[in-house]
Amino acid sequence: MRNLMKMLKMSLLLLATVVVVASCGDKEDIYHSGDYYYYLDIQSEVRLNLKEEDEEQGTMSNSEYDLLSKTILHMLNAVRENNAMQGDNRKKEAAMISSCDNLYREFADRNPENKGYVVCYVKLIRCHLRPNGTVENATAIKYYSFWWEKPEGGGNTGGGSSSDDYLAKPDTLQAVDLGLSVLWANCNIGAKQPRNYGAHLAWGDATGVLWSGVGIGWENDGYTWNTDNYGGNNPPADISGSDLDVVAVHWGDGWRMPTYSEAKELCELCQWKLQTYGDIKWYEVIGPNGNSIVMPLAGMYGDDVSSTNRFQAGPYGVSERGYYWTSTSCAASSTVEERGYGVNDGVVNAWCFRFREFSYHSDSSNNGDNYPPEFTDQVRAMHMSIRPVHNK
């Protein structure tokens with residue numbers, strides 16, 4: 001996996017800004033206790049240009065995607081500038097939200113005719129490290145959805161609104177029968193439309209807001225684990241439908257994360273066909289009965305052991321690769337295939353499946369366009385997509 005992470009880092013498409021701010025005062029008031037920092041979680045289905053020098057030198061045009069890039073670049077700068085301000089954290093946070101809101105409204109006012117298909121989500125995250133260093137509180141305080149082109153055949157007009165509960169079930173949710181043992185959702189959790197990327201989430205985080213690597217270390221080329229987050233040091237064998245399952249907690253009504261065996265059915269019994277629409281790519285997954293679902297290539301947020309940001313690093317592989325969690329952790333014994341490499345480091349990983357738009361090997365037998373998914377284990381604090389399932 002370490003070689004994989006090196007490869008993923010080379011495919012970084014977006015810039016995430018994180019600035020650490022210290023505060024002090026009344027420990028009973030969370031706005032005046034411990035260290036604070038704010039950052040933007042950017043999930044874009046189109047390539048963005050977030051280089052400040054390009055705007056300063058006038059190389060950016062006024063095209064649709066450049067206007068989107070400029071807006072998000074200005075929001076990044078607003079977060080950076082407000083983070084650097086001294087004084088009351090509550091006032092600083094209010095100023096930051098106001099700045100981002102104004103930029104968002106300016107973008108929306110200039111593009112009223114383009115409401116339709118959401119192509120970019122920007123979430124402002126507040127992270128709070130308490131004075132003892134052992135408790136972290138990370139909360140999404142604003143959620144922006146940017147739209148652009150309407151998909152072929154129309155579509156729901158979901159752009160332009162903000163939502164505090166970005167993990168809520170969308171109005172467009174459907175349970176699709178692919179001819180497998182379970183029904184599959186037509187979209188990822190956190191997505192409002194089937195081709196939207198949705199949320200990047202860690203395994204075993206039912207809150208959907210944890211980004212911390214606190215308690216997860218790296219020593220002698222192996223991970224160490226000293227946190228109760230993400231299922232703890234000895235996670236359950238499977239969390240599907242449990243109180244650690246973010247789908248079950250936020251969607252309810254029988255929706256849950258897919259198990260390893262259910263995901264294997266999807267990967268091995270269905271036909272995976274790469275599709276594109278402009279800059280956006282996804283797989284059409286066709287079941288044995290002919291019904292299909294869309295699986296976006298949403299990338300992932302992965303660990304950077306050399307960075308203080310740890311599991312906020314990324315996103316990697318956006319529009320190039322998809323990474324999807326299963327609910328099943330790796331066995332601590334038996335064969336390497338069943339337990340995953342992480343057990344060798346003394347840390348239990350969890351299973352995910354991944355797919356890509358291109359082959360790593362020139363001798364691929366997939367005729368140059370369809371590359372079936374494969375399973376691997378990953379550290380549970382990695383942030384990936386989740387596609388829910390429902391019993392028949």
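Atoms considered below: every heavy atom in the structure, side chains included; atoms not considered: hydrogens, waters and symmetry mates.
- For His390, the ring pair (Phe, Tyr, Trp, His ring centres under 6.0 Å) test picks out Trp255, with sequence neighbours left out.
- Partners of Ser292 according to the side-chain contact (heavy atoms from CB on, under 4.5 Å) rule, which considers only residues two or more places apart in sequence or in another chain, are Glu284, Ile286.
- Using a distance-only test at 3.5 Å, with no hydrogens or angles considered, no donor-acceptor pair links the side chain of Asn291 to the main chain of Gly287.
- Note: Trp272 and Phe355 have tilted aromatic rings, judged against thresholds of 30 and 60 degrees for the angle between ring planes.
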Next item on the list: Could you walk me through whether Trp325 and Met382 pass the side chain to side chain contact (heavy atoms under 4.5 Å, CB included) test, one step at a time?
Entry: CA-CA 10 Å; Trp325 280 122; Met382 303 284 192; 4.0 Å; yes

Next item on the list: Take Gln378 and Asn349 through the test side chain to side chain contact (heavy atoms under 4.5 Å, CB included) and record every step on the way to the result.
Entry: CA-CA 5 Å; Gln378 294 280 12; Asn349 286 351; 5.6 Å; no

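- Annotation: side chain of Arg356 is not in contact with side chain of Glu320 (no heavy-atom distance under 4.5 Å).
- Every side-chain contact (heavy atoms from CB on, under 4.5 Å) that Ile293 has, sequence neighbours left out, goes to Val176, Leu178, Trp184, Leu266, Val285, Met295, Arg387.
- Partners of Tyr230 under the ring pair (Phe, Tyr, Trp, His ring centres under 6.0 Å) rule, at least two apart in sequence or in another chain, do not exist in this structure.
- Looking only at side-chain heavy atoms (C-beta outward), Phe353 and Thr326 come within less than 4.5 Å of each other.
- Taking 4.5 Å as the limit, every side-chain heavy atom of Val347 sits out of range of all side-chain heavy atoms of Ile216.
- In summary, of the residues considered (Leu269, Asn289, Val389), a side-chain contact (heavy atoms from CB on, under 4.5 Å) with Leu180 occurs for Leu269 alone.
- With hydrogens and angles ignored, the 3.5 Å screen pairs no side-chain donor or acceptor of Trp251 with any backbone N or O of Asp253.
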Checklist line | Leu40 vs Leu124, side chain to side chain contact (heavy atoms under 4.5 Å, CB included): CA-CA, chis, key distance, verdict | finding: CA-CA 5 Å; Leu40 295 182; Leu124 180 59; 3.6 Å; yes

Note to self: Would Tyr260 and Asp238 count as a side-chain hydrogen bond (donor to acceptor under 3.5 Å, both in side chains) here? Give the steps.
What the structure shows: CA-CA 9 Å; Tyr260 176 89; Asp238 200 286; over 6 Å; no

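- Listed by chain and number, the residues in a side chain to side chain donor-acceptor pair (under 3.5 Å) with Ser261 are Thr259 (sequence neighbours excluded).
- Within the 4.5 Å cutoff, the side chain of Gln193 has no heavy atoms near those of the Pro170 side chain.
- Considering only residues two or more places apart in sequence or on other chains, Asn391 meets the side chain to side chain donor-acceptor pair (under 3.5 Å) condition with Arg256.
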